[in-house]
Undergrad: 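Got a structure here, written out as structure tokens. Questions coming.
Starting from 1, each residue takes its place in the sequence as its number. Only this structure's heavy atoms are used, side chains among them; waters, hydrogens and symmetry mates stay out.
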Amino acid sequence: MQKKKTDAANAADTSDREIIITRLIDAPRELVWDAMTKPEHIVHWWGPNGFTNTLEKMDFRVGGEWHHIMHGPDGRDYPNRSIYTVIDKPQRIEFCVGGTHKGDPNAVFESTWTFDLVDGKTQVTIHMIFPTAAARNKVVEEFGAIQGGNQTLARLADYVNKSESQDHKGEDHA
């Protein structure tokens with residue numbers, strides 16, 4: 001009986017399959033949420049430094065699909081297909097990358113983005129869970145996933161700060 005409990009506890013421990021990246025963004029949560037959920041915004045900041053995006057489809061609803069191509073500074077294209085599995089505005093978004101549903105064993109990974117208020121700022125946390133530790137380690141070692149995730153959040157912060165600044169300039173001239 002003890003062995004069965006230990007196996008279940010190990011199955012629940014996903015720490016060797018996870019990547020968690022967090023950044024505090026000095027912007028209102030609604031603005032950060034909009035930057036993540038609206039096609040006219042996300043194409044401007046998604047991905048690590050030097051990447052651009054072509055958005056093919058963004059059906060932002062549970063079960064909706066998000067298709068885009070990330071164009072790397074190395075000239076390579078990186079097609080992405082995700083399915084939104086949870087949307088809890090303005091706090092949480094979950095999507096399955098490369099799969100069709102939450103818990104899909106064929107998914108590349110599952111991603112949860114949370115948007116928490118911290119002293120008037122927005123703390124964004126990306127939590128990715130991969131099917132295996134080897135899959136997680138491969139993206140870290142071969143593609144620099146942790147560095148890329150940090151760059152992505154930095155680009156998001158820059159984008160919303162510029163957007164907020166432009167909005168305030170507009171108010172000043174009104």
Side-chain angles (χ1 to χ4, degrees), residues 14-27 31-87 92-115 122-166:
T14 59
S15 60
D16 65 339
R17 301 185 288 128
E18 297 177 350
I19 295 174
I20 299 172
I21 301 168
T22 298
R23 184 178 184 102
L24 187 61
I25 297 175
D26 189 8
L31 185 60
V32 177
W33 177 268
D34 284 351
M36 177 67 184
T37 61
K38 294 186 176 178
E40 64 268 28
H41 296 303
I42 200 164
V43 295
H44 296 290
W45 62 266
W46 184 265
N49 295 342
F51 278 75
T52 59
N53 297 283
T54 299
L55 184 63
E56 296 178 327
K57 180 178 186 178
M58 188 173 189
D59 181 10
F60 187 66
R61 61 182 175 86
V62 173
E65 297 179 35
W66 177 27
H67 301 174
H68 65 281
I69 300 170
M70 297 172 61
H71 308 286
D74 59 359
R76 291 180 54 193
D77 287 340
Y78 302 88
N80 288 269
R81 300 176 78 91
S82 302
I83 303 291
Y84 294 105
T85 56
V86 174
I87 296 173
R92 182 181 195 89
I93 301 168
E94 295 182 24
F95 51 93
C96 177
V97 178
T100 60
H101 59 277
K102 192 170 185 163
D104 185 339
N106 298 314
V108 177
F109 64 91
E110 293 184 13
S111 187
T112 300
W113 286 57
T114 54
F115 306 84
T122 306
Q123 181 171 298
V124 179
T125 301
I126 305 171
H127 181 198
M128 294 176 273
I129 298 180
F130 294 80
T132 64
R136 180 247 184 232
N137 293 339
K138 181 178 179 178
V139 299
V140 169
E141 294 164 10
E142 291 184 23
F143 300 109
I146 294 172
Q147 180 182 14
N150 281 312
Q151 290 175 1
T152 297
L153 288 182
R155 291 181 71 193
L156 170 61
D158 288 346
Y159 181 77
V160 295
N161 288 330
K162 286 177 186 170
S163 296
E164 189 174 41
S165 175
Q166 289 175 349

Undergrad: With sequence neighbours excluded, what pairs up with Thr22 under the side-chain hydrogen bond (donor to acceptor under 3.5 Å, both in side chains) test?
TA: Thr125
Undergrad: Rounded at 0.5 Å granularity, tell me how far NE2 in His68 sits from OG1 in Thr52.
TA: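 Answer for the NE2-OG1 pair, His68 versus Thr52, is 11.0 Å.
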Undergrad: Passes side-chain contact (heavy atoms from CB on, under 4.5 Å), His67 versus Asn80? Steps please.
TA: CA-CA 6 Å; His67 301 174; Asn80 288 269; over 6 Å; no
Undergrad: Relative to the ring of Phe60, is the ring of Tyr84 parallel (under 30°), tilted (30 to 60°) or perpendicular (over 60°)?
TA: perpendicular
Undergrad: Identify the heavy atoms of Pro131 and Ala107 that sit nearest to each other, and give their distance.
TA: CG-O, 3.5 Å
Undergrad: Taking atom NZ of Lys38 and atom NE2 of His44, what is their separation to the nearest 0.5 Å?
TA: 13.0 Å
Undergrad: Write down the atom of Tyr159, the atom of Ala35, and the distance for their closest heavy-atom approach.
TA: CD2-CB, 4.2 Å
Undergrad: Work out which heavy atom in Met70 is nearest to a heavy atom in Pro48; give both atom names and the distance.
TA: CE-CD, 3.7 Å
Undergrad: Can you see which heavy atom on Asp26 is nearest to which on Asn161, and at what distance?
TA: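 Shortest heavy-atom separation between Asp26 and Asn161 comes out as O-OD1, 3.0 Å.
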Undergrad: Scan Trp46, Phe143, Tyr78 and name whichever one has a ring-ring contact (aromatic ring centres under 6.0 Å, His included) with Phe51.
TA: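 One option only clears the test, and that one is Tyr78.
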Undergrad: Without swapping roles, check the side chain of Trp66 against the backbone of Phe95 for a donor-acceptor pair under 3.5 Å.
TA: no
Undergrad: Regarding Thr54 and His71, is there a side-chain donor-to-acceptor distance under 3.5 Å anywhere?
TA: yes
Undergrad: So for atom CZ, which belongs to Arg155, do other residues, nucleotides or ligands contribute more than 12 heavy atoms lying within a distance under 6.0 Å?
TA: yes
Undergrad: What distance do Glu65 atom CD and Cys96 atom SG have between them, rounded to the nearest 0.5 Å?
TA: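 That separation rounds to 11.5 Å.
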Undergrad: Would you give the length of the straight line joining atom CD1 of Ile20 to atom CD1 of Ile146, rounded to the nearest 0.5 angstrom?
TA: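 Spacing of CD1 (Ile20) from CD1 (Ile146) equals 10.5 Å.
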Undergrad: Has the side chain of Arg92 got a donor or acceptor atom that lies under 3.5 Å from a matching backbone atom of Thr114?
TA: no
Undergrad: Closer than 3.5 angstrom, by distance alone: can the side chain of Glu56 be matched with the main-chain N or O of Ile69 as a donor-acceptor pair?
TA: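 It does not hold such a pair.
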Undergrad: Ignoring hydrogens, what is the shortest heavy-atom contact between Val160 and Val32? Give both atom names and the distance.
TA: CG1-CA, 4.1 Å
Undergrad: Under the side-chain hydrogen bond (donor to acceptor under 3.5 Å, both in side chains) test, which residues partner Thr132, sequence neighbours left out?
TA: none
Undergrad: Counting C-beta onward and ignoring hydrogens, is there a side-chain heavy-atom pair between Met128 and Ser111 closer than 4.5 Å?
TA: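 Yes; the side chains approach each other to less than 4.5 Å.
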Undergrad: I need the minimum non-hydrogen distance between Asp16 and Arg136, along with the two atoms involved.
TA: O-CD, 3.6 Å
Undergrad: Does some side-chain heavy atom of Lys138 sit less than 4.5 Å from a side-chain heavy atom of Phe130?
TA: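 No, too far: nothing below the 4.5 Å cut-off.
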Undergrad: Give a yes or no on whether the backbone of Leu55 and the side-chain of Asn53 come within a donor-acceptor separation of less than 3.5 Å.
TA: no
Undergrad: Look at atom CD of Gln147 and say whether more than 12 heavy atoms of other residues, nucleotides or ligands are closer to it than 6.0 Å.
TA: no
Undergrad: Once rounded to the nearest 0.5 Å, what's the spacing between atom CD of Gln151 and atom CG of Leu156?
TA: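 The CG atom of Leu156 is 13.5 Å from CD of Gln151, to the nearest 0.5 Å.
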Undergrad: side-chain contact (heavy atoms from CB on, under 4.5 Å) for Glu94 and Glu110? Distances and angles first, verdict last.
TA: CA-CA 7 Å; Glu94 295 182 24; Glu110 293 184 13; 5.7 Å; no
Undergrad: Strictly distance-based, threshold 3.5 Å: is any side-chain N or O of His41 a donor or acceptor partner for the main-chain N or O of Thr37?
TA: no
Undergrad: Distance check, rounded to the nearest 0.5 Å: Ile21 atom CD1 versus Leu153 atom CG?
TA: 6.5 Å
